[in-house]
There are 2 protein chains.
Amino acid sequence: MGPKKRISTAVIHRLPKYYRHLGELIDTGVQRISSRDLSLRMRVTASQIRQDLNHFGGFGQQGYGYNVNTLYNEIGKILGLGKIHNIVIVGAGNLGQALAHYQYFRHRGFHIIGMFDKDEAQIGKKIGDIEVMDVDALPAFLKENNVEIGAIAIPKSEARRMAEILVENGVKQIWNFAHLDLHLGDDVIVENVNLTESLMRLSFRAALEKKK
Amino acid sequence: MGPKKRISTAVIHRLPKYYRHLGELIDTGVQRISSRDLSLRMRVTASQIRQDLNHFGGFGQQGYGYNVNTLYNEIGKILGLGKIHNIVIVGAGNLGQALAHYQYFRHRGFHIIGMFDKDEAQIGKKIGDIEVMDVDALPAFLKENNVEIGAIAIPKSEARRMAEILVENGVKQIWNFAHLDLHLGDDVIVENVNLTESLMRLSFRAALEKKK
DNA sequence: ATATATTTTGACATAATAGTAACAATGGTA
DNA sequence: TACCATTGTTACTATTATGTCAAAATATAT
């Protein structure tokens, strides 16, 4: 079972977008949709939608299209939703706190169950309903709790070491906000969010636009 | 002048990474580097580095490689750095505050000069050294200040309207953290940061990994 | 109820794009 | 001067996206 072929990063980027648009369609009461109508809405080609979805199975029906609810649920399953994913955040600074407050994650099954910092001033502080713990307590916490995802929200000087502690204690998914590349082994998945790079891409595209 | 061919998004994603790695090399005192050595460091092919850089000009020298400082500065120029980019943040919630506190942006010339919110409880609050203003004052602020980038850090219900206000008042670059697609005209550049989608990609890749 | 037209998928063929390899040209180095 | 390292460029390969169409299901007409 499972997909026969490798899934390209381009497809991986589109999957959550399909999911989001299908969710919006459900909210507006749409029950079925053709690849063509979805393509108009999402500004991609219908062919691409059909091809993307067929990596995972034939969810549509000739002459009818796709049942919005079914497709939404199927893509949810493909994305690994529909179960609880526990997260710990390393770093209780502004970014860590913002992540902890973000409501959307919980709606999708991503539960933040621990926050850690090395700064005495942060330890003991309550962020929402979770208390910031001493980073020294992280290994013990990981052993006692089923943590899937470790979010790295600290400066890069400490980031690698903390990522290694996470991995040593069984965490296989790293959500990395620090400005460095983490190579933690073939079985560890790293998803990078680098806001400075994002700003630079924006700036680059603006610079290009001006030249035209 | 300017690049002859369209620059692919793949290249746009790599440019800030080149910049980051070159910065790190400068910090460690490295003066010159070959595409091969850089390729080992960055885990891409040397061929790709040479091809990427040659979109913008021949910065290297046969038999020598690239001068790290020169290349760093050239890529900086290409990315539109080396000048001040003023930003306003719409939304002074946790995410907006985290962005405002983030120090790295300023180091790269991205200056946050205004924050806006519609919530009475936020208005007047000081985030670092800037005061949160009433969102009603945004159009006037945009007319009086040279704002290049508008960051959207509010829920999607209000996001489109606020983005339109930014664009109507001359902002051509939108940094969008809201969970919707903004289509604001051909000359408006939108850079999306969708943290929920980022988590879903992580979750998807983890689900794939388990199947193997 | 049945036949016919229409819609739309899934699969495959084709086109476009992106990445890698190869190598002549060229400046640095011994 | 001769050799070596390494680029910039071109050719090639791989990947990704798009177009096409038979097959299948729905919708419509009779």
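Below, read A as the first sequence line, B as the second, and so on, with proteins coming before strands; counting in each chain starts at 1.
- Regarding contacts with the backbone of C:dA18, every side-chain N or O of B:R14 stays at 4.0 angstrom or more from both OP1 and OP2.
- Taking 4.0 angstrom as the limit, B:S35 places a side-chain polar atom (N or O) nearer than this to OP1 or OP2 of D:dT7.
- For C:dT20, one of the phosphate oxygens OP1 or OP2 lies less than 4.0 angstrom from a side-chain nitrogen or oxygen of B:T45.
- Whole-Å rounding puts the A:Q61 CD to D:dA23 P distance at 18 Å.
- Minimum atom distance to the side chain of B:R6 is reached by C:dT17, of the listed C:dT17, D:dT26, C:dT29.
- Judged by the 6.0 Å distance and 45° axis criteria, B:R32 is positioned over the aromatic ring of B:Y64.
- A salt bridge (charged side-chain N to carboxylate O under 4.0 Å, His left out) with A:D181 holds for exactly one of B:R20, B:K17, B:R41; it is B:R20.
- Of the candidates D:dA11, D:dT20, D:dA25, D:dT20 carries the atom nearest the A:S47 side chain, counting heavy atoms from C-beta on.
- We find that CZ of B:F59 is positioned 17 Å from P of C:dG27, with the value rounded to whole Å.
- Look at B:Y66 and you won't find any side-chain N or O under 4.0 angstrom from OP1 or OP2 of C:dG27.
- Distance CD1 (A:I33) to P (C:dT9): 10 Å, rounded to an integer number of Å.
- A:Q97 is listed as a side-chain neighbour of A:Q122, based on a closest heavy-atom distance under 4.5 Å.
- Look at A:E164 and A:R161 and you find no salt bridge, because none of the NZ, NE, NH1 or NH2 atoms lies under 4.0 Å from a carboxylate O.
- B:R36 contributes no side-chain N or O that forms a donor-acceptor pair with the base of C:dT20 under 3.5 Å.
- Taking a 6.0 Å sphere around CD of A:Q31, one finds it holds 12 or fewer heavy atoms contributed by other residues, nucleotides or ligands.
- Where A:A10 and A:R32 meet DNA chain D, the nucleotide closest to each residue was compared, and A:A10 sits on the side nearer the 5' end.
- D:dT7 atom C1' lies 16 Å from atom NE2 of B:H55, rounded to whole Å.
- Between the CG atom of A:N54 and the P atom of D:dG19 there is a distance of 18 Å, given to the nearest Å.
- The side chain of A:R50 approaches D:dT20 more closely than any other nucleotide in the set D:dT18, D:dT20, C:dA18.
- Rounded to an integer number of Å, the gap from A:Q62 CD to D:dA23 P is 11 Å.
- For the pair A:D52 CG and D:dT15 P, the interatomic distance rounds to 17 Å; values are reported in whole Å.
- In terms of phosphate contacts, A:Q48 brings a side-chain nitrogen or oxygen within less than 4.0 Å of OP1 or OP2 of D:dA17.
- Following rounding to the nearest Å, B:Q51 (CD) and D:dT6 (P) show an atom-to-atom distance of 20 Å.
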